[in-house]
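Okay, so here's the structure we're looking at.
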Amino acid sequence: MINDAMTGALNAQVNAELYSSYLYLGMSAWADAAGYKGVSGWMAKQAREELEHAMKIYEHIKRRGGVPVLADVKAEPAVYEGLLPLFEKVLAHERKVSGLIGGIAELALSEKDYATFEFIQWFVREQVEEEDSAGEIIQKLKLTGGSAAALVALDGLLGQR
């Protein structure tokens, strides 16, 4: 049985994952409108993955005897000054999520909730991948030097995700 503190932390993470999905969907819309169809597809896939993450946590809460409680998802303006600021926002966001996941791991250990600690390890590994992916894209964007041809090529590459 999961305790109230752990249930609360996991419910907060469900909300954070839903927010992430919403954020990436807004980024997808911005990229599409800006003509970056590949980036738009990359972001849409990211939005779907974040929704899947929320559902994994939601199901874990239920399996452990807790009650999932959904909260409002905050809307954020989806306006960016270009691809580099867009992906810098992605990296900053993923770092924030990594901190939240780390907090859940710490709480699980302090509460001796080893089932949740084991469960959350998948998310710890996933966050390493998420941060690495965003960092690589930022590096490539910086290498383009703003070249339109290079940005078109990178957009196409990201669309293959």
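Model, not experiment: these values are computed from the prediction.
- Note on I120 and M55: same hydrophobic cluster, where clusters join Ile, Leu, Val, Met, Phe, Trp and Tyr whose side-chain heavy atoms are under 4.5 Å apart, directly or indirectly.
- Nearest approach of D32 to S40, heavy atoms of both residues: CB-OG, 3.4 Å.
- Taking 4.5 Å as the limit, every side-chain heavy atom of R48 sits out of range of all side-chain heavy atoms of M43.
- A continuous path of Ile, Leu, Val, Met, Phe, Trp and Tyr side chains, each step under 4.5 Å between heavy atoms, connects V14 with V73, placing both in one hydrophobic cluster.
- Looking at L91 and I138, their side chains come closer than 4.5 Å, going by heavy atoms from C-beta outward.
- The backbone N or O of E130 sits nowhere less than 3.5 Å from a side-chain atom of S133 that would complete a donor-acceptor pair.
- For the residue pair N11 and P68, the shortest heavy atom distance occurs at OD1-CA, 3.2 Å.
- E131 and Q127 form no side-chain donor-acceptor contact under 3.5 Å, judged by distance and modelled atom types alone.
- Taking the side chain as every heavy atom from C-beta outward, K56 and E17 never approach each other to under 4.5 Å.
- By the 4.5 Å heavy-atom criterion applied to side chains, I61 and T7 are counted as neighbours.
- When hydrophobic clusters are built by joining Ile, Leu, Val, Met, Phe, Trp and Tyr residues whose side-chain heavy atoms come closer than 4.5 Å, directly or via intermediates, V128 is not grouped with I137.
- Atom OH of Y22 sits in a sparse spot, with 12 or fewer heavy atoms from other residues, nucleotides or ligands closer than 6.0 Å.
- Side chain of S28 to main chain of Y24: no donor-acceptor pair is present (N/O by atom type, distance under 3.5 Å, no hydrogens or angles).
- F119 pairs with exactly one of W122, F123, F117 by the ring-ring contact (aromatic ring centres under 6.0 Å, His included) rule, that one being F123.
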Exercise. Are L109 and Y114 close enough, and set up right, to give a side-chain contact (heavy atoms from CB on, under 4.5 Å), and what steps lead you there?
Worked result: CA-CA 7 Å; L109 282 177; Y114 302 114; 4.2 Å; yes

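- Counting only residues at least two apart or on different chains, the salt bridge (charged side-chain N to carboxylate O under 4.0 Å, His left out) pairs with a member in residues 109-128 are R64-D113.
- A71 and N15 get closest at one heavy-atom pair: O-ND2, 3.3 Å.
- The two residues A115 and H60 have their closest heavy-atom pair at O-CE1, 4.1 Å.
- The distance between the ring centers of Y19 and H93 falls below 6.0 angstrom.
- Atom CZ of F87 and atom CG of L141 lie 6.5 Å apart (nearest 0.5 Å).
- For the pair E50/L18, no side-chain contact is recorded, criterion being any heavy-atom separation below 4.5 Å from C-beta on.
- Residues V97 and Q13 form a side-chain contact, since some pair of their non-hydrogen atoms from C-beta on lies under 4.5 Å apart.
- Hydrophobic clustering of Ile, Leu, Val, Met, Phe, Trp and Tyr side chains at less than 4.5 Å, counting indirect connections, unites L70 with L23.
- Both L84 and M27 are assigned to one and the same hydrophobic cluster, defined by single-linkage of ILVMFWY side chains at heavy-atom distances under 4.5 Å.
- Using a 4.5 Å cut-off on side-chain heavy atoms (C-beta onward), M1 and M6 make no contact.
- For the pair G65 and I2, the tightest heavy-atom approach, listed with the atom from each and the gap, is C-CG2, 4.2 Å.
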Under 3.5 Å, which donor-acceptor pairs link side chains of residues 145-161 to any protein atom two or more places apart or in another chain?
from	atom 1	to	atom 2	distance (Å)
S147	OG	A149	N	3.4
S147	OG	A150	N	3.2
D155	OD1	G38	N	3.0
D155	OD1	V39	N	2.8
D155	OD2	K37	N	3.4
D155	OD2	G38	N	3.3
R161	NH1	W42	O	2.9
R161	NH1	Q46	OE1	3.0
R161	NH2	Q46	OE1	2.8
R161	NH2	E49	OE1	3.2
R161	NH2	E49	OE2	3.1

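- Rounding to the nearest 0.5 angstrom, the gap separating the CG atom in L10 from the OG1 atom in T116 is 5.5 Å.
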